[in-house]
Amino acid sequence: MIRAFFAAIALEAVALFLCAAVVAGITEKLSARQAGNGLLIYGAIDLLMIALSVWVYRTLAQAWGGASAPTWSLIALGLAATLTGLVMFFITMVLLNR
């Protein structure tokens with residue numbers, strides 16, 4: 001279960017970093033309003049990644065551990081994923097600062 005927990009967090013962080021790089025690269029030459037729209041899209045992707053990381057954790061816990069993940073660990077993963085997403089959102093906001 002511990003491997004599944006950290007694998008889900010690591011996958012979320014890598015995916016959000018790649019998404020932030022793509023959004024920053026696409027909006028590099030755009031106006032401030034369009035960059036704000038890019039940040040809004042990134043925020044929506046960030047929320048989806050939080051939900052997806054919980055799903056990945058549940059799936060990996062079932063496959064690797066042979067049992068369902070306990071509720072407390074799902075809550076802990078949700079909080080950790082939210083914190084990771086918040087940090088990546090702020091990093092993206094700094095990248096898109098005009």
Side-chain angles (χ1 to χ4, degrees):
M1 299 278 181
I2 294 174
R3 283 187 316 166
F5 188 91
F6 288 111
I9 291 294
L11 286 173
E12 179 199 13
V14 168
L16 286 176
F17 180 76
L18 291 175
C19 184
V22 168
V23 168
I26 290 173
T27 61
E28 178 182 353
K29 303 277 186 198
L30 301 178
S31 68
R33 180 178 295 240
Q34 291 169 333
N37 291 339
L39 187 62
L40 183 66
I41 291 169
Y42 180 79
I45 292 170
D46 194 1
L47 290 175
L48 288 174
M49 286 303 299
I50 292 169
L52 187 64
S53 68
V54 172
W55 179 79
V56 165
Y57 172 57
R58 289 184 64 185
T59 304
L60 289 177
Q62 184 70 30
W64 291 349
S68 296
T71 304
W72 65 266
S73 67
L74 289 172
I75 293 170
L77 181 93
L79 291 174
T82 302
L83 182 64
T84 304
L86 185 65
V87 168
M88 289 302 295
F89 185 77
F90 284 135
I91 289 171
T92 306
M93 216 170 21
V94 168
L95 285 174
L96 298 179
N97 190 12
R98 311 245 174 215

Residue pair Gln62 / Thr59, side-chain heavy-atom distance below 4.5 Å: no
Which residues share a side-chain contact (heavy atoms from CB on, under 4.5 Å) with Gln34, sequence neighbours left out: Leu30, Ser31
Single-linkage hydrophobic cluster, 4.5 Å side-chain cutoff, Val87 and Val94 together: no
Shared-cluster residues of Val14, by chain and number - hydrophobic side chains joined below 4.5 Å: Leu18
same_hphob_cluster(Val23, Met93) at 4.5 Å side-chain heavy-atom cutoff: yes
Partner residues of Thr84 under the side-chain hydrogen bond (donor to acceptor under 3.5 Å, both in side chains) criterion, sequence neighbours left out: none
Distance (rounded to the nearest 0.5 Å) between Phe6 CZ and Leu77 CG: 10.0 Å
Other cluster members, Trp72 - Ile/Leu/Val/Met/Phe/Trp/Tyr, side-chain contacts below 4.5 Å: none
Side-chain hydrophobic cluster, 4.5 Å single linkage: members besides Leu83: none
Side-chain donor-acceptor distances from residues 36-55 under 3.5 Å, at least two apart:
residue : atom : partner : partner atom : Å
Tyr42   : OH   : Leu16   : O            : 3.3
Ser53   : OG   : Met49   : O            : 3.4
Ser53   : OG   : Ile50   : O            : 2.8

Sequence-distant partners of Phe89, ring pair (Phe, Tyr, Trp, His ring centres under 6.0 Å), two or more places apart: none
For the student: nearest non-hydrogen atoms of Met1 and Ala61, plus distance: SD-CB, 3.5 Å
Least distance between heavy atoms, Tyr57 atom then Ala8 atom: CB-CB, 3.9 Å
Heavy-atom pair of closest approach, residues Phe5 and Ala80: CZ-CB, 4.5 Å
For the student: nearest non-hydrogen atoms of Thr92 and Ala20, plus distance: OG1-CB, 3.2 Å
